Amino acid sequence: MSQLVEFPLEGGGAIRVEVPDEEGVTPVGRAGDAVARAHETWESVLERLRPLTATVLRTVRDAAEPPDRVCVEFGVKLTAKAGLVVASGTSEANLKVQLEWNRPGDTA
């Protein structure tokens, strides 16, 4: 099952996100229209991604032959209690990095 969680926006307003049900989270609102309220802003939740992306990009850029193109893809899971979690588990890919080199004479 899932529930709606409302994340406040720093500039005002809010965004509602569907997340898995969690024990210990109290919905707010009428029965059938219940929404749990997050304790942090949407922006602060997304800010947690910055160290991960910065580390991946720094490592790739510092390579002996850095690629011309980098594509980083990672799964995230939103929860009412923890906010954002990088997805884990055997059936979930939590980090995928694609590197591309375009060298003169390459025929790709």
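If you're wondering where the values come from, they're calculated on a predicted model, not measured in any experiment.
- V60 places none of its side-chain heavy atoms less than 4.5 Å from the side chain of P66.
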*Would you sort out whether V5 and V35 count as a side-chain contact (heavy atoms from CB on, under 4.5 Å), showing the intermediate values?*
CA-CA 6 Å; V5 176; V35 176; 5.9 Å; no

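- Taken from CD in E43 to CD in E10, the straight-line distance is 4.0 Å, to the nearest 0.5 Å.
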*asked:* Show, in sequence, the C-alpha distance, side-chain angles and deciding distance for Q98 and K96, and conclude whether the side-chain contact (heavy atoms from CB on, under 4.5 Å) test is met.
replied: CA-CA 7 Å; Q98 292 180 313; K96 177 181 176 182; 3.7 Å; yes

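- Residue pairs meeting the ring-ring contact (aromatic ring centres under 6.0 Å, His included) criterion with at least one partner in residues 42-61, sequence neighbours excluded, are F7-W42.
- For the pair L99 and R69, the minimum side-chain heavy-atom distance is 4.5 Å or more.
- To the nearest 0.5 Å, atom OG1 of residue T41 and atom CG of residue L9 are 8.0 Å apart.
- Within a 6.0 Å radius of CD in E65, no more than 12 heavy atoms belonging to other residues, nucleotides or ligands are found.
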*Check the pair R48, E40 against salt bridge (charged side-chain N to carboxylate O under 4.0 Å, His left out), reporting the backbone distance first and the verdict last.*
CA-CA 12 Å; R48 293 185 195 166; E40 42 186 335; 2.4 Å; yes

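- The two residues P8 and A38 make their nearest non-hydrogen contact at CD-O, 4.2 Å.
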Donor-acceptor contacts under 3.5 Å from residues 50-58 side chains, at least two apart:
unit_1 : atom_1 : unit_2 : atom_2 : d
R50    : NE     : E47    : OE2    : 2.5
R50    : NH2    : E47    : OE1    : 3.3
T53    : OG1    : L49    : O      : 3.3
T53    : OG1    : R50    : O      : 3.0
T55    : OG1    : P51    : O      : 2.8

*asked:* Please determine whether side-chain contact (heavy atoms from CB on, under 4.5 Å) holds for the pair D68 and R103, giving the CA-CA distance in whole Å, both sets of side-chain angles, and the decisive distance to 0.1 Å.
replied: CA-CA 9 Å; D68 298 309; R103 304 288 185 240; 3.4 Å; yes

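- The shortest side-chain heavy-atom distance between R61 and T59 does not fall under the 4.5 Å cut-off.
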